[in-house]
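From a predicted model like this one, the values you see are computed outputs, not experimental measurements.
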Amino acid sequence: MNVTSLCLCYLTRTSDTGPEVLLGLKKTGFGAGKIVGLGGHVEPGESPAQATVREVEEESGIRVDPTCLRELGVVTFRFPTRPAWDAVVSVFGADRFSGRAVESDEIIPEWFPFDDLPLTKMWDDARLWLPRVLAGEYVTAEISFAADCETVAEARFSEQAA
């Protein structure tokens with residue numbers, strides 16, 4: 001069975017009101033209508049970091065030097081009723097980048113305060129691990145979704161240092 005390799009990137013900055021993270025409203029494709037992190041498929045011949053740099057620029061117009069990426073974790077997603085959706089996601093962060101976030105064909109980007117994340121508008125799993133990642137924790141997790149492919153049925157976290 002083939003498991004899809006994906007990447008996610010959480011760009012962060014400090015504003016006058018505190019730390020913020022760049023998320024985006026997904027306009028098309030898998031997850032349309034949800035607020036998501038920037039990212040996508042790791043193409044053949046690409047490393048997850050290279051894919052992250054490419055995806056962030058394609059989706060937001062922001063350029064990230066690969067040397068500025070920090071590995072934040074690996075999350076494996078299981079969809080027992082839709083195994084074709086199973087994926088291993090390499091999660092990265094960066095607080096150094098250039099350009100301004102602009103809307104693309106896929107994403108309407110928006111900065112959100114760490115203390116006011118739109119978790120109810122995101123995939124159900126985000127509430128379990130995104131705050132941990134933003135707090136600086138390296139996360140290794142396996143998330144299994146229920147038959148509705150929306151609700152988390154089980155989440156297992158491994159204790160692992162970065």
Side-chain angles (χ1 to χ4, degrees), residues 1-13 20-80 82-112 117-118 122-126 128-145 149-150 152 155-158 160-162:
M1 173 171 61
N2 256 350
V3 176
T4 303
S5 181
L6 302 175
C7 61
L8 275 175
C9 187
Y10 295 100
L11 300 179
T12 58
R13 69 180 186 187
E20 297 177 328
V21 62
L22 184 64
L23 303 171
L25 177 63
K26 186 87 162 84
K27 294 165 47 175
T28 62
F30 189 71
K34 296 186 185 308
I35 294 180
V36 299
L38 303 181
H41 287 85
V42 177
E43 300 295 341
E46 273 185 324
S47 70
Q50 290 167 326
T52 298
V53 169
R54 176 183 51 75
E55 288 283 352
V56 166
E57 186 165 7
E58 288 175 2
E59 292 183 349
S60 72
I62 290 179
R63 289 170 304 288
V64 180
D65 185 299
T67 63
C68 295
L69 291 175
R70 292 181 322 281
E71 221 179 313
L72 302 177
V74 176
V75 181
T76 301
F77 293 102
R78 303 276 181 211
F79 293 87
R82 300 287 301 264
W85 290 5
D86 289 359
V88 175
V89 181
S90 299
V91 183
F92 293 92
D95 58 11
R96 293 179 43 219
F97 46 86
S98 61
R100 290 190 53 160
V102 294
E103 183 175 341
S104 67
D105 291 341
E106 281 187 72
I107 295 283
I108 301 171
E110 185 177 344
W111 291 97
F112 290 91
L117 298 172
M122 300 178 79
W123 283 95
D124 188 40
D125 62 277
L128 301 173
W129 64 272
L130 181 55
R132 294 166 75 166
V133 162
L134 294 177
E137 182 180 337
Y138 186 94
V139 172
T140 303
E142 183 166 333
I143 311 282
S144 293
F145 282 85
C149 295
E150 290 283 334
V152 171
R156 290 186 309 228
F157 291 83
S158 301
Q160 180 178 343

Chemist: Roughly how far, to the nearest 0.5 Å, is the CG atom of D125 from the CD atom of E150?
Modeler: 10.5 Å
Chemist: Compare every heavy atom of V102 with every heavy atom of P109, then report the nearest pair and how far apart it is.
Modeler: CG-O, 3.5 Å
Chemist: Taking the side chain as C-beta and beyond, is there a heavy-atom pair between P118 and L23 under 4.5 Å?
Modeler: yes
Chemist: Counting N and O atoms only, with roles assigned by atom type, does the side chain of S104 sit under 3.5 Å from a partner on the main chain of E59, one being a donor and the other an acceptor?
Modeler: yes
Chemist: Nearest heavy-atom pair of C7 and T52: which atoms, and what distance?
Modeler: CB-OG1, 3.2 Å
Chemist: When rounded to the nearest 0.5 angstrom, what is the spacing between CD1 in I143 and CH2 in W129?
Modeler: 8.5 Å
Chemist: Could you list the residues that satisfy ring-ring contact (aromatic ring centres under 6.0 Å, His included) with F112, not counting sequence neighbours?
Modeler: none
Chemist: Do L69 and C9 have side-chain heavy atoms sitting under 4.5 Å apart?
Modeler: yes
Chemist: Which atoms form the tightest heavy-atom contact between A84 and T4, and what is the distance?
Modeler: O-OG1, 4.2 Å
Chemist: Report yes if some heavy atom in the side chain of L117 is under 4.5 Å from a heavy atom in the side chain of I35; otherwise report no.
Modeler: no
Chemist: In chain order, what residues pass the ring-ring contact (aromatic ring centres under 6.0 Å, His included) check against F79, with sequence neighbours excluded?
Modeler: W85, F145
Chemist: Just to verify, which of T76, V74, V88 counts as forming a side chain to side chain contact (heavy atoms under 4.5 Å, CB included) with E142?
Modeler: T76
Chemist: Minimum heavy-atom separation for Q50 and G45, please, with both atom names.
Modeler: OE1-O, 3.9 Å
Chemist: Out of curiosity, F92 CZ to E55 CD, how far, rounded to the nearest 0.5 Å?
Modeler: 12.5 Å
Chemist: For the residue pair L6 and A87, what are the closest heavy atoms and their distance?
Modeler: CD1-CB, 3.6 Å
Chemist: Heavy atoms, side chains only, cut-off 4.5 Å: are L11 and W111 in contact?
Modeler: yes
Chemist: Does any non-hydrogen side-chain atom of L38 lie less than 4.5 Å from one of I107?
Modeler: yes
Chemist: Go through the steps to decide whether L134 and T12 satisfy the test side-chain contact (heavy atoms from CB on, under 4.5 Å), and finish with yes or no.
Modeler: CA-CA 9 Å; L134 294 177; T12 58; 4.2 Å; yes
Chemist: Among residues at least two apart in sequence or on other chains, which ones pass side-chain hydrogen bond (donor to acceptor under 3.5 Å, both in side chains) with R13?
Modeler: E20
Chemist: For P80 and P83, which heavy atoms make the closest approach, and how far apart are they?
Modeler: O-CD, 3.7 Å
Chemist: Using the rule given for side-chain contact (heavy atoms from CB on, under 4.5 Å), can you reason through V91 versus Y138, listing the C-alpha separation, both sets of side-chain angles and the distance that settles it, and then say yes or no?
Modeler: CA-CA 9 Å; V91 183; Y138 186 94; over 6 Å; no
Chemist: Assess whether side-chain contact (heavy atoms from CB on, under 4.5 Å) is satisfied between R78 and V3, documenting all intermediate values.
Modeler: CA-CA 9 Å; R78 303 276 181 211; V3 176; 4.1 Å; yes
Chemist: Between K34 and D124 (side chain of the first, backbone of the second, donor and acceptor by atom type, cut-off under 3.5 Å), is there such a pair?
Modeler: no
Chemist: What distance separates E46 CD from S5 OG, expressed to the nearest 0.5 Å?
Modeler: 9.5 Å
Chemist: Once you round to the nearest 0.5 Å, how far does CD of E110 lie from CG of L22?
Modeler: 9.0 Å
Chemist: Rounded to the nearest 0.5 Å, how far apart are CG of L130 and CG of L8?
Modeler: 9.0 Å
